[in-house]
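What follows is a set of notes on a single structure, which appears directly below.
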Amino acid sequence: KNEVEQSPQNLTAQEGEFITINCSYSVGISALHWLQQHPGGGIVSLFMLSSGKKKHGRLIATINIQEKHSSLHITASHPRDSAVYICAAHYGGSQGNLIFGKGTKLSVKP
Amino acid sequence: NAGVTQTPKFQVLKTGQSMTLQCAQDMNHEYMSWYRQDPGMGLRLIHYSVGAGITDQGEVPNGYNVSRSTTEDFPLRLLSAAPSQTSVYFCASSSPLFSSAFDTGELFFGEGSRLTVL
C-alpha cells in the first residue's frame, strides 16, 4: 500500500526560528504537493514539485526522488505561519492516485 | 475567477436523511474530487472525476454518490446519512499533471463543508 508519512506531527517554534517539516513516501511518485491548512480550515496549495527545489518567499520545498523524501522549510518563522502543513504524493497522473499525509501542526509563538 | 465554490459550509442532518454537497469550479479543470477529513487522519478520497461524464471511486466511496454532467460541477450526494459520515468535506480541482506547459497539476480546494449527522 502506498503511504505518506510526515514528521513531526506537532511542532512549536519561537518567532524567527528556521523550521523543517519532513515527508517520506513509499514508492516512486510523479509529483508531490505541499499544502497549508489555516486554523479556519481552508486549504491552499504551496508547492507542487517533481524534482529539485522551489522557493516562494520564506518557504522552500525540496524533494529527493532517490531517497523518497521531501522537506518544507520556513525561514524566519512568524506567528502567521501557524497552520497545519500537509504533503500529498501523486502516484501517477490522476487525482485518484493522490495520497495525503496526516499533516504537521505548526505553532509559532511570538 | 471564483476558484472552487463549495456549499453549504455547515449542515446538520438526521440519520437516514439525504443531501447534496455542491461543488463548482470556473477554471475549466478536468480533474475534480471529493475528500473527507477526520481528526487524526489525512484527507481521504471519496470519489473523483477526470472529465465530464467520467467518475470513479476513491478510498472511501460507500454511502456517497457523484455525477459529472458538466466540466464545472461535481456534486456529492449522501444517500442515507449515517453518524459515521460526520466529517469535514472538501472539494478540489486541478488540471492534469504535465500535459502542457500550462497544466501544473496545482490543487485548488473549496472552503470545506462541515457535516454533522445525528
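Numbered from 1 within each chain, the chains take letters A, B, ... in sequence-line order.
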Is there a path of hydrophobic side-chain contacts, each under 4.5 Å between heavy atoms of I/L/V/M/F/W/Y residues, joining V4(A) to I65(A)?
yes
Heavy atoms from other residues, nucleotides or ligands near CD of Q9(A) exceed 12 (cutoff 6.0 Å)
no
For chain B, which residues from residues 101-110 of chain A have at least one heavy atom closer than 4.5 Å to it?
G101(A), K102(A)
Is any side-chain heavy atom of I43(A) less than 4.5 Å from a side-chain heavy atom of F90(B)?
yes
Co-membership, hydrophobic cluster, residues Y48(B) and I54(B), 4.5 Å side-chain
yes
Is any side-chain heavy atom of L107(B) less than 4.5 Å from a side-chain heavy atom of L98(A)?
yes
Just checking E111(B): does its CD atom have more than 12 heavy atoms from other residues, nucleotides or ligands closer to it than 6.0 angstrom?
no
Please report the interatomic distance CZ(F100(A)) to CZ(R44(B)), rounded to the nearest 0.5 Å.
12.5 Å
With only heavy atoms counted, which part of Q37(B) is less than 4.5 Å from chain A, the side chain, the backbone, both or neither?
side chain
Answer with yes or no whether the hydrophobic clustering places F10(B) together with Y35(B); edges join I, L, V, M, F, W, Y residues whose side-chain heavy atoms lie under 4.5 Å apart.
no
Please answer: with hydrophobic residues joined when any side-chain heavy atoms are less than 4.5 Å apart, are L46(A) and I60(A) in the same cluster?
no
Restricting to side-chain hydrogen bond (donor to acceptor under 3.5 Å, both in side chains), what partner residues turn up for S67(B), sequence neighbours left out?
R77(B)
